[in-house]
Structure formats: structure tokens, C-alpha cells
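Below is one structure, written out as C-alpha cells, with a few remarks after it.
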Amino acid sequence: MNMQNRITDVFRNQFGSQPLLFRSPGRVNIIGEHTDYNEGFVLPAAIDKYIYIAIAPRTDKEIHLYSQDFREGCVFSLDNALSPVAAGWPNYILGVVDQLQKKGCPLSGFNLVIDGDVPIGAGLSSSAAVECATAFALNHLFSLQLDRMEMVKLAQQAEHTFAGVRCGIMDQFASMFGKKGHAIKLDCRSLEYEYVPLDLKGYKIVLLNTNVKHNLASTEYNTRREQCEQGVAWVKEHHPEVKSLRDITLSMLEQLVLPKDELIYRRCKFIVEENLRLQLACEDLNRGDLIALGSKMFRTHEGLSKEYEVSCKELDFLVDAVKNNPAVPGARMMGGGFGGCTINLVREDAIEGLVDNLRHSYEDQTGLKLTYYIADIEDGSGLA
């Protein structure tokens, strides 16, 4: 049974009526990691793994939510101020409702079922997909006339306020603006963007999941953000025109940050170099040069592991294991870090053999199961 039929059946069983269906995709990020909250560039793409929402209006002010994944329902009222709840999953939906209320949007009660095949905790941004699917569904249901950019911004605010993660805008943007066969070069300062062709010709994007959960991710994520902000503050004392790491050169870092703190220098240096790498990676894609792109992905991983220090031994093992494989031009850890997936460019005819070999060595080394996903590049949020 496909996902649309399944979620429709669940909705009918829960609420006894026929819903409207919406979906938002998870995302991969080809290159440009941790640059988004530093006003840099990112290069995400929406993938064919989705969060689905089935929804229908109610005649009262109540919100009835049901998660198929957790087999759990809960009820809230629009007459009461919404606040985050202990059971994590409703927060991504409630955070969006809260943002819409703050904008003065006319909402009424609704029934909603959530389901999907974006793996949770794999670094494919299931939370942003939930927020974007919710925003898109409510915008449609209540004829709110919000454009995609407005929905992206309020989905990001929902994550800040109800999930407590000060994420950049990339995940929500990719989920909402994805385009089949293309990556999105997004300027996280101006929100200007352009589509870059992602012609994989004979290769596939393969995501190898460490199955390590992001225990450290949100606290360390906020720490990295503070470290970058500290580096900017030190440079700003001498260059008041500087607003973020986006404006800073390597020589400024050597002169003004390195003498004060070597660790903060290393964090900032990675971000400045990653922005430069991304610009060159876009040129590689425009030329269709996957080998050149792949070498930059390996270099990014090295920086994330040694300089930004957001990797873990399981991620490092998977990248090291494919480094000298001629069927894998590029690989790196992807996402916030400390677990989740590596993103790999793999020749189609080599995928099965690669995964079989890695599965055994990974389990021997770590005691964990290795799972994988093959991702195709698809369009962003819409009706399912």
C-alpha cells in the first residue's frame, strides 16, 4: 500500500472523514555544511523521501493530532496559548500553528494525521519536512495566501521556538523550494537562490546511515554557533563593516582570531573555506564534473571531522572506507553531525557490492547495523 492510501485510511479510522493530502520532502546537502547560520552559501536538494500530512477542518477550535509513527494522538485548543509539550513530535506542528497565530492568520480547528518515510534522526531533516508540510497544509486549508518564502521563514521560527534548535534556514528552504534534477545554491543572507543542474549520469546519491543518534547534536550545534559569533565579534572590533563569517577573509582570522583562541580560529576557518569550496562546487556541477565535486566533498568531511569537530568515529569510518574506491568519487558526513548519514556519490552498478562489503565491516567495527537509502532529487512541498 502506498503512503497516500495508508495515511488516508488512518485518517478515516481516526476521524471518520476524507482528508486533503500534502507532502514535503526531506533533503540532502551536497556541500556547504554549517555555513547557513553564518550567512554563507549552501547547496541542498529535495529528495524522494517525504513527510505526509492528512488534514480536514473541524467546526470548533480544537486541534486533534495523530502520529502514525508513534501510534499516538493528542488534543489542543486554539483558545489556549500553545506551548511546547514533552512528547516531542507535536512541537513541530504546534510551533507552526503558534507562528501563524502570531501573524494574525485566521485559523480554526482541524484534524491532522502525520506519517512519512523520511528517516528520523538520519540527518535528512525530517523536522523541517514536518514544519513545511504543516505550513503548506494550513495555508491551503484556511486560504491564508502565504507565499513559499513566508512559509519557510515561519517554519524556521517554529523550530527555534518550539524545538529549541537555532537552525539556519536551509532545511526548510530546500523542503519548500526543491526542484527535480537540481540542487539549490542558496545565499543564506539575502535568500537569493539559483537552481544548479545535478546531472548524476550513471551515479546515484547513496546515504549510508550510521544509526548513531544525534545525542550531542543540538547542544554542540548551539555551541558551534556561539564560537562562530565570538570569532566575528573579535574581527568586528577592527572591521566594523563585518556582519558575519561571510564577510571575513582567512587573513583576518589569522591576524585577529588566531592570537586570541586557536579553537575558535579553527571553527571559523572551516566555515570561510567551506563557502569558497561551495562556489567552486557549483562550477563543477555546471560543467558536469562529478570527480572534481567529489574531491571537494572528501575535503569538506576532513574539515568537519578535524576542524569543526562535529563528526564521530562511525561517520569517519564510513568516509574512510570509500575514500579509495574508484566507484565513489565523493563522500562526507552530512547534517548537524555526531551521527546520521554520510552522503556518497556512487556508480549505479557498484551500489549493491559496496553496501554488502560495508555492512559487514561496519558492524564488526562498531557493533551497529548499517542501513542505506538511495535518493533521487525531487520537487518541494505540494499536494500529495
Review point. How many angstroms lie between atom CD of Gln156 and atom CD1 of Ile169, to the nearest 0.5 angstrom?
Key: 4.0 Å

Exercise for review: Rounded to the nearest 0.5 Å, what's the gap from CG on Leu278 to CD on Glu283? Could you check?
Suggested key: 10.5 Å

Check your understanding: Between Asp349 and Arg347, is a salt bridge (Lys or Arg N to Asp or Glu O under 4.0 Å) present by the stated rule, with each step listed?
Key -> CA-CA 6 Å; Asp349 61 6; Arg347 214 174 56 231; 2.9 Å; yes

Exercise for review: Indicate the ring-plane relationship of His182 and Tyr195, choosing parallel, tilted or perpendicular according to the 30° and 60° boundaries.
Suggested key: perpendicular

Check your understanding: Does Tyr92 share a hydrophobic cluster with Val113, counting links as ILVMFWY side-chain heavy atoms below 4.5 Å and allowing steps through other members?
Key -> no

Practice item. Could you walk me through whether Thr371 and Asn211 pass the side chain to side chain donor-acceptor pair (under 3.5 Å) test, one step at a time? Key: CA-CA 7 Å; Thr371 48; Asn211 287 301; 3.0 Å; yes

Point to revise | salt bridge (charged side-chain N to carboxylate O under 4.0 Å, His left out) partner of Arg266, the single match among Glu309, Glu254, Glu273, Glu307 | key: Glu309

**Study point:** side-chain contact (heavy atoms from CB on, under 4.5 Å) partner of Arg332, chosen from Leu315, Ile30, Leu304, Thr342
**Key:** Leu304

Exercise for review: Count the heavy atoms belonging to other residues, nucleotides or ligands that lie under 6.0 Å from CD of Glu237, then report whether that count exceeds 12.
Suggested key: yes

**Study point:** Side-chain donor or acceptor of Asp379 paired with backbone N/O of Lys180 under 3.5 Å
**Key:** yes

Review point. Which pair of non-hydrogen atoms, one from Asn91 and one from Pro84, has the smallest distance, and what is that distance?
Key: OD1-CA, 3.2 Å

Point to revise | Val346 and Ile374, any side-chain heavy atoms less than 4.5 Å apart | key: no

Study note, to complete from the structure: Exactly one candidate in Cys268, Ser244, Cys228 meets side-chain contact (heavy atoms from CB on, under 4.5 Å) with Asn38; the answer is Cys228

Review point. When you look at Ile271 and Tyr308, which way does the side-chain contact (heavy atoms from CB on, under 4.5 Å) test go after all the steps?
Key: CA-CA 8 Å; Ile271 299 296; Tyr308 216 64; 3.8 Å; yes

**Study point:** Heavy-atom neighbours of Lys243 NZ exceed 12 at 6.0 Å
**Key:** no

Exercise for review: Consider only side-chain N and O atoms of Thr300 and Glu33, and report whether a donor and an acceptor are under 3.5 Å apart.
Suggested key: no

**Study point:** Glu39 side-chain N/O to Leu245 backbone N/O, donor-acceptor pair under 3.5 Å
**Key:** no

Point to revise | Pairwise side-chain contact, Glu159 with Asp171, heavy-atom cut-off 4.5 Å (strictly under) | key: no

Point to revise | Chi angles and distances behind the side-chain contact (heavy atoms from CB on, under 4.5 Å) call for Lys306, Phe270 | key: CA-CA 10 Å; Lys306 307 283 189 298; Phe270 168 75; over 6 Å; no

Practice item. Taking the side chain as every heavy atom from C-beta outward, state whether Leu186 and Asp36 have any atom pair closer than 4.5 Å. Key: no

Check your understanding: Under a 4.5 Å cut-off applied to non-hydrogen side-chain atoms, are Leu144 and Pro106 in contact?
Key -> yes

Exercise for review: Take Ile264 and Leu258 through the test side-chain contact (heavy atoms from CB on, under 4.5 Å) and record every step on the way to the result.
Suggested key: CA-CA 8 Å; Ile264 287 179; Leu258 181 56; over 6 Å; no

**Study point:** CZ on Arg267 to CD on Glu226, rounded to 0.5 Å
**Key:** 12.5 Å

Practice item. May I have the step-by-step check of ring-ring contact (aromatic ring centres under 6.0 Å, His included) for Phe15 and Tyr66, ending in yes or no? Key: CA-CA 10 Å; Phe15 301 117; Tyr66 182 80; 7.7 Å; no

Practice item. Consider only side-chain heavy atoms of I, L, V, M, F, W and Y, link residues closer than 4.5 Å, and tell whether Leu263 and Tyr265 are in one cluster. Key: no

Check your understanding: Are Val96 and Val85 co-members of a hydrophobic cluster defined by side-chain heavy atoms under 4.5 Å apart?
Key -> yes

Practice item. Give, for atom CG of Leu138 and atom SG of Cys105, the distance between the pair rounded to the nearest 0.5 Å. Key: 9.5 Å

Check your understanding: Would you call Val322 and Phe298 a side-chain contact if the rule is heavy atoms closer than 4.5 Å?
Key -> yes

Point to revise | Residues Arg6, Asp9: salt bridge by 4.0 Å N-O rule | key: no

**Study point:** Donor-acceptor contact present, side-chain Ser77 to main-chain Glu62, <3.5 Å
**Key:** no

Exercise for review: Find out whether the Lys NZ or Arg CZ of Lys185 is both under 6.0 angstrom from the six-membered ring centre of Phe41 and within 45° of the ring's axis.
Suggested key: yes

Review point. Under 30°, 30 to 60°, or over 60°: which ring-plane class applies to His34 and Tyr37, parallel, tilted or perpendicular?
Key: perpendicular

Review point. Do the side chains of Leu141 and Leu21 join up, straight or via other hydrophobic residues, at under 4.5 Å, putting them in one cluster?
Key: no

Review point. Does anything in residues 366-376 pair up under salt bridge (charged side-chain N to carboxylate O under 4.0 Å, His left out), and if so which pairs, sequence neighbours excluded?
Key: Lys204-Asp376, Glu363-Lys369

Practice item. Compute whether any side-chain donor of one residue and acceptor of the other, for Ser311 and Asp316, lie under 3.5 angstrom apart. Key: yes

Practice item. State, to 0.1 Å, how close Ala183 and Ala45 come at their nearest heavy-atom pair, and which atoms those are. Key: CA-CB, 4.1 Å

Review point. Hey, is the main chain of Asp289 close enough, under 3.5 Å, to the side chain of Asp284 for a donor-acceptor pair?
Key: no

Point to revise | Any donor-acceptor N/O pair, Glu150 side chain to Asp147 backbone, under 3.5 Å | key: yes

**Study point:** Rounded distance (nearest 0.5 Å) linking atom NZ of Lys296 with atom CD of Gln279
**Key:** 12.0 Å

Check your understanding: Donor-acceptor pair, Asp117 side chain versus Lys49 backbone, under 3.5 Å?
Key -> no

Check your understanding: Do Val130 and Phe162 share a hydrophobic cluster, counting only Ile, Leu, Val, Met, Phe, Trp and Tyr and linking them when any side-chain heavy atoms are less than 4.5 Å apart?
Key -> yes

**Study point:** For Ala321, side-chain contact (heavy atoms from CB on, under 4.5 Å) partners two or more places apart
**Key:** Leu358

**Study point:** Under 3.5 Å donor-acceptor, Gln172 side chain and Ala128 backbone
**Key:** no

Check your understanding: So how far is it from Lys313 NZ to Gln365 CD, rounded to the nearest 0.5 Å?
Key -> 9.5 Å

Practice item. Evaluate whether atom NZ of Lys236 has more than 12 neighbouring non-hydrogen atoms of other residues, nucleotides or ligands under 6.0 angstrom away. Key: yes

**Study point:** Residue pair Ser381 / Cys132: nearest heavy atoms and the distance that separates them
**Key:** OG-CB, 3.9 Å

Point to revise | Ring geometry between Tyr193 and Phe177 (parallel below 30°, tilted from 30 to 60°, perpendicular above 60°) | key: tilted

Point to revise | Taking every non-hydrogen atom, the tightest pair across Leu78 and Gly109 | key: CD1-N, 3.9 Å

Revision key, fill the gap. Scanning both residues in full, the closest heavy-atom pair of Leu285 with Leu43 reads CD1-CD2, 3.8 Å

Check your understanding: Any donor-acceptor pair under 3.5 Å linking the side chain of Thr210 with the backbone of Gly340?
Key -> yes

Point to revise | Verdict with supporting geometry, Tyr373 and Ile47, side-chain contact (heavy atoms from CB on, under 4.5 Å) | key: CA-CA 11 Å; Tyr373 316 97; Ile47 58 171; over 6 Å; no

Exercise for review: Give a yes or no on whether the backbone of Gln145 and the side-chain of Asn139 come within a donor-acceptor separation of less than 3.5 Å.
Suggested key: yes

Practice item. Keeping the roles fixed (side chain from Thr366, backbone from Tyr362), state whether a donor-acceptor pair exists under 3.5 Å. Key: yes

